[in-house]
Amino acid sequence: SFFYIMLMMPLPIWVALISLFFLLSQLGMIDTLHGLILLFVTFHLPLSVWLMATFVRDIPVEIEDAALVDGASRWQILSRIIFPLAKPGMIAVFLVALLTTWNSFLIPLIFTRTSASQTLTVVLTLFIGQYEVAWEAMAAAAVVTMLPPFLMALFFQRYLVRGLTMGAVKS
């Protein structure tokens, strides 16, 4: 199954845009948050799985073997050893997916029509009129739009640096 997920990696969403629009319209998922979530999860999954597989492979097998010798169950090894060691990788993958989704413009523009399901990047374009641009309002909205990912990256900064450099140097 890892191989099939990785086959989707080189496929950009633009290749399947027309067929995806047709499929989501047949399912009644155009202009819904569920449709956008399905699109973003589907196209972020290969990169996320590949990155997490890399992080988990870098965890030494000897740690798991030592825990088995000490009498830990597979679930205990997973919850007490693997998850804590993979936390920086999970946070790095989360932030990459979050920032990519947050900055996405064309997909929400194509698959949404009303303000109920439009993302902030699409709403920012509403400040551009036919004859004038509300520069002040658009600049203020852009700053407010940048705050959540900036604060999230700032909050998770120590995990992000550790997660991005994990496995860079082998001893």
Side-chain angles (χ1 to χ4, degrees), residues 1-16 20 24 29 32-112 116-124 141-171:
S1 65
F2 180 76
F3 175 74
Y4 294 115
I5 291 174
M6 290 302 105
L7 280 177
M8 283 181 48
M9 186 90 126
L11 178 71
I13 194 168
W14 323 116
V15 171
L20 281 172
L24 287 180
M29 297 181 90
T32 64
L33 291 177
H34 296 296
L36 280 179
I37 291 169
L38 181 66
L39 281 171
F40 285 129
V41 165
T42 302
F43 283 95
H44 284 90
L45 189 66
L47 179 64
S48 300
V49 167
W50 179 57
L51 288 173
M52 280 311 303
T54 303
F55 285 115
V56 172
R57 279 189 199 122
D58 283 344
I59 297 172
V61 179
E62 291 82 15
I63 296 175
E64 294 177 50
D65 293 339
L68 279 173
V69 168
D70 287 343
S73 68
R74 289 284 179 190
W75 177 250
Q76 288 172 329
I77 293 171
L78 191 64
S79 64
R80 294 184 182 167
I81 296 171
I82 303 298
F83 282 155
L85 289 175
K87 188 190 298 186
M90 287 188 277
I91 290 174
V93 168
F94 167 74
L95 283 176
V96 166
L98 173 84
L99 293 175
T100 306
T101 302
W102 191 269
N103 293 327
S104 180
F105 174 72
L106 194 58
I107 301 305
L109 180 68
I110 292 171
F111 289 94
T112 60
S117 60
Q118 287 176 334
T119 61
L120 288 174
T121 54
V122 176
V123 172
L124 281 176
V143 169
V144 170
T145 302
M146 289 186 301
L147 279 178
F150 176 75
L151 293 175
M152 191 151 308
L154 194 64
F155 181 72
F156 289 122
Q157 181 180 10
R158 69 182 177 133
Y159 293 109
L160 181 64
V161 171
R162 193 179 329 150
L164 292 176
T165 59
M166 188 178 202
V169 178
K170 294 280 185 183
S171 53

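Because the structure is predicted, anything quoted here is derived from the model rather than measured.
The CE atom of M29 sits 5.0 Å away from atom CG of L38, with the distance rounded to the nearest 0.5 Å. Taken from CG in D70 to CG in D65, the straight-line distance is 11.0 Å, to the nearest 0.5 Å. Taking CZ from F150 and CZ from F155, the interatomic distance works out to 14.5 Å, rounded to the nearest 0.5 Å.
I110 places none of its side-chain heavy atoms less than 4.5 Å from the side chain of L20. Side-chain contact between S117 and T32: absent, with no pair of heavy atoms (C-beta onward) separated by less than 4.5 Å. With contacts defined as side-chain heavy-atom distances shorter than 4.5 Å, the pair L98/L95 qualifies. Side-chain atoms of I107 and F43, non-hydrogen and from C-beta on, never get closer than 4.5 Å to each other.
Shown here for P108 and V122, the closest heavy-atom pair between the two residues is CB-CG2, 3.7 Å. Here the shortest heavy-atom pairing between V144 and P148 reads O-CD, 3.2 Å.
Evaluation of the ring pair (Phe, Tyr, Trp, His ring centres under 6.0 Å) test over residues 90-111, restricted to residues two or more places apart or in two chains, returns F21-F111.
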Less than 3.5 Å apart, which donor and acceptor atoms pair up between the side chains of residues 74-86 and the rest of the protein, not counting sequence neighbours?
residue, atom, partner, partner atom, Å
Q76, OE1, S73, N, 2.9
S79, OG, W75, O, 3.0

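Applying the side-chain hydrogen bond (donor to acceptor under 3.5 Å, both in side chains) rule to T112 yields no partners; only residues at least two apart in sequence or on another chain are considered.
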